Q: 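Questions regarding the structure given below will be posed in turn.
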Amino acid sequence: MAQESGSIRFILNDTEVALSEVAPTATLLDYLRLEHRLTGTKEGCAEGDCGACTVLVGRLVRDGRGEEGLVYESVNACIRFIGSLNATHVVTVEHLAAKDGTLHPVQQAMVDFHGSQCGFCTPGFVMSLYGLWLTNDNPSRAAIEKALQGNLCRCTGYEPIIRAAEAAARERPSALFDPITRTREAVTARLEALRQTETIVISKGEDCLILPVDATDLARVLAEHPDATIVAGSTDVGLWVTKQMRSLNPVIFIGGIAELQRIESSEAGLTIGAGVSYTAARDALSAAYPTLGCLIDRIGGDQIRNMGTIGGNIANGSPIGDSPPPLIALGATVTLRLKDSTRSLPLEDFFIAYGRQDRKPGEFVESVFVPALHAGQHFAAYKVTKRRDEDISALLGAFRISLDGDRVKTARIAFGGMAATPKRAKAVEAALIGQPWTEDTIRKAQAAFEADYQPITDWRATAAYRLLAAKNLLMRFFLESTGEIVQLQRFEEVA
């Protein structure tokens, strides 16, 4: 059993920090502003939507070849808990300019192209663009817009900011100062020295946060604290604190557990660890199931995708979670662990009722297995929202069929936002199986949606709209599967 110690250590800009007293729900935003007066990081929405609090967090990540490297990602400081920062490098906007006051090219471009007006959102934009600047030498306009999905501006508009991003990408002289490029090797060595080797427990009064050292230790800790709150990305739990003012005790942070970060590919399919973020999972999922790449790109902004995890989205059990419907349609299974034993069940059976999942006290989601698509199978997932980017789903439909000649051999259809849990459309499936894959069959099957779902009316959509949209998504899936282009196409302007 791992020994316990009581300090969280990370690098803040160029200073090493060790905290032996920290509340389990203390946010990075409050820590930066109140403890260090780093006020460039702003609070706008306190829920990970506006991007005014954007900072970069660097961590050591092992790739598919087993090689470890230092990766920096933009995150929302307003919902990022201090307890998740062990062995990381936190970079704020104050760290970008040179010591003589010379602005970083990203900052200078924002000045030159008038990318700031009131200035409140500007530091967050700078940090998002800096993250892009570090990873993409020549970003397309689409890549720039994607990098800015999680940043909102109320007064300047986005065109000057996009022009600034394009200009900054060209400003890369060999001798350019840059706080990350210049110190990457040194920071890597410092983070290796901070690597967690034992369980970290920090408690004071009723407050208690725990960082297990590995999956075995997580199982032990959960057996001792079955009512603990597990935090991976905190993209939902963070709002429990910032919006609902909930006190969580104890809190178990699992972001540093290597076993939960694995992605394994085989002929049978993909195994994704519960701690794998949307960003980390995107390439593997998109390669195996191409439509999922487009879906993941619409889950929050980069900051949310860098923090949120596939396993967390499943374990949370929200009826409007974006991951479960496509995974259910693909026939995914989830593996749960309790102490030294594991069990697997179809993902659709994991969701019992609103707010209830088939998870015993002390049990946690360890991984999800997604079967491979085979020849003759068609698969797609569609997200319907009030605005295209960074919005919660009104409904999300996922469809998978296999054909035997011109007839439907198998069908799996699942929706989120249509019931109290993510749920299959079994009546619609039955109406399709054995029938010719034609528009007439689709129109007849559309009527079966009313037997499968009785959606509610809320501020996102009315019940009637949800039913109509679900029927139309089935038709869209049919049209796409038969080769008709029904998706909007983007054309880059050529100078």
Side-chain angles (χ1 to χ4, degrees), residues 13 28-29 32 38-45 48-58 70-78 80 89-98 101-173 176-184 279 282 297 300-307 389-390 492-493:
N13 292 329
L28 174 57
L29 174 67
L32 294 176
L38 295 171
T39 54
T41 308
K42 302 287 194 288
E43 178 175 318
C45 65
D49 263 351
C50 73
C53 66
T54 302
V55 299
L56 297 190
V57 173
L70 179 56
V71 174
Y72 286 89
E73 296 174 321
S74 58
V75 305
N76 294 121
C78 67
R80 185 69 181 254
H89 181 203
V90 177
V91 182
T92 72
V93 71
E94 288 86 355
H95 195 51
L96 266 60
T102 302
L103 296 179
H104 189 276
V106 172
Q107 295 171 307
Q108 189 61 54
M110 287 287 281
V111 174
D112 294 342
F113 289 85
H114 309 285
S116 178
Q117 192 167 332
C118 80
F120 188 87
C121 67
T122 302
F125 272 95
V126 167
M127 294 308 292
S128 290
L129 292 179
Y130 179 46
L132 178 67
W133 186 91
L134 284 170
T135 57
N136 193 329
D137 289 345
N138 186 28
S140 65
R141 186 182 178 97
I144 294 169
E145 290 179 4
K146 182 181 175 183
L148 297 179
Q149 280 175 319
N151 294 80
L152 302 181
C153 177
R154 294 295 186 188
C155 51
T156 304
Y158 298 93
E159 192 61 33
I161 298 171
I162 292 171
R163 289 199 295 268
E166 293 170 338
R170 297 189 291 268
E171 187 66 30
R172 294 176 182 275
L176 176 71
F177 76 90
D178 180 70
I180 287 179
T181 304
R182 187 181 68 246
T183 61
R184 184 176 290 269
T279 297
R282 186 195 183 283
D297 287 346
D302 262 356
Q303 298 93 323
I304 292 296
R305 294 188 290 266
N306 292 335
M307 291 168 57
D389 292 325
E390 203 186 14
E492 295 284 350
E493 182 179 349

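Remember, predicted model here, so these are calculated numbers, not experimental data.
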Q: With sequence neighbours excluded, tell me which residues meet salt bridge (charged side-chain N to carboxylate O under 4.0 Å, His left out) with R305.
A: D302

Q: Answer whether the closest heavy-atom distance between the side chains of V106 and M127 falls below 4.5 Å.
A: no

Q: What I'd like to find out is whether the side chain of L152 reaches to under 4.5 Å of the side chain of C121, using heavy atoms alone.
A: no

Q: Measure the CD1-CD distance between I144 and Q149 for me, rounded to the nearest 0.5 Å.
A: 13.0 Å

Q: For T135, which residues count as a side-chain contact (heavy atoms from CB on, under 4.5 Å) partner, sequence neighbours excluded?
A: none

Q: Which heavy-atom pair separates Y72 from L134 by the least distance, and what is that distance?
A: CB-CD1, 4.4 Å

Q: Looking at side-chain heavy atoms only, is the closest gap between N306 and V57 below 4.5 Å?
A: no

Q: Mind checking ring-ring contact (aromatic ring centres under 6.0 Å, His included) for F113 and listing every partner two or more places apart, or none if nothing turns up?
A: none

Q: Look up atom NE2 in H95 and atom CG in L38, then write down how far apart they are to the nearest 0.5 Å.
A: 11.0 Å

Q: Output all residues satisfying salt bridge (charged side-chain N to carboxylate O under 4.0 Å, His left out) with R184, sequence neighbours left out; order by chain, then residue number.
A: none

Q: Do the side chains of K146 and D389 get close enough for a salt bridge, i.e. N-O under 4.0 angstrom?
A: no

Q: Enter the distance from T39:OG1 to L32:CG here, rounded to the nearest 0.5 Å.
A: 10.0 Å

Q: Which pairs with one or both residues in residues 140-163 pass ring pair (Phe, Tyr, Trp, His ring centres under 6.0 Å), sequence neighbours excluded?
A: none

Q: Any side-chain heavy atom of I180 sitting closer than 4.5 Å to one from L56?
A: yes

Q: Just to verify, what does Q107 make a side-chain hydrogen bond (donor to acceptor under 3.5 Å, both in side chains) with, not counting sequence neighbours?
A: none

Q: Assess whether a salt bridge exists between R170 and E166, defined as any Lys/Arg side-chain N lying under 4.0 Å from an Asp/Glu carboxylate O.
A: no

Q: Which heavy atom in G44 sits nearest to a heavy atom in A52, and how many Å separate them?
A: N-CB, 4.4 Å

Q: So which heavy atom on G48 is nearest to which on C78, and how close?
A: N-SG, 3.4 Å

Q: Check side-chain contact (heavy atoms from CB on, under 4.5 Å) between T156 and all other residues, then give those that pass, not counting sequence neighbours.
A: Q117, C153, P160

Q: In chain order, what residues pass the salt bridge (charged side-chain N to carboxylate O under 4.0 Å, His left out) check against E73, with sequence neighbours excluded?
A: R59

Q: Using the test salt bridge (charged side-chain N to carboxylate O under 4.0 Å, His left out), find all partners of D49 that sit at least two apart in sequence or belong to another chain.
A: none

Q: Do the side chains of V91 and N13 get nearer than 4.5 Å, heavy atoms only?
A: yes

Q: Taking all heavy atoms of P123 and all of G40, pick out the closest pair and write down the distance.
A: CB-O, 3.1 Å

Q: Tell me every residue that passes side-chain contact (heavy atoms from CB on, under 4.5 Å) with S128, counting only those two or more places apart in sequence or in another chain.
A: T54, L148, N151, Q303

Q: Testing the basics here: between I161 and G115, what is the closest heavy-atom pair and its distance to 0.1 Å?
A: CG1-O, 3.5 Å

Q: If you measure from CG on L129 to CG on N136, what distance do you get to the nearest 0.5 Å?
A: 11.5 Å

Q: If I take atom OG1 from residue T92 and atom CG from residue L29, how far apart are they, to the nearest 0.5 angstrom?
A: 11.5 Å

Q: Can you tell me how far apart CD1 (I304) and CG (N76) are? Round to the nearest 0.5 Å.
A: 4.5 Å

Q: Can you pull out every ring pair (Phe, Tyr, Trp, His ring centres under 6.0 Å) where at least one residue sits in residues 129-149? Sequence neighbours excluded, please.
A: H104-Y130, H104-W133

Q: Taking CZ in R182 as the centre, count heavy atoms belonging to other residues, nucleotides or ligands within less than 6.0 Å. Is the count above 12?
A: yes

Q: What pairs with F125 under ring-ring contact (aromatic ring centres under 6.0 Å, His included), at least two apart in sequence or on another chain?
A: none

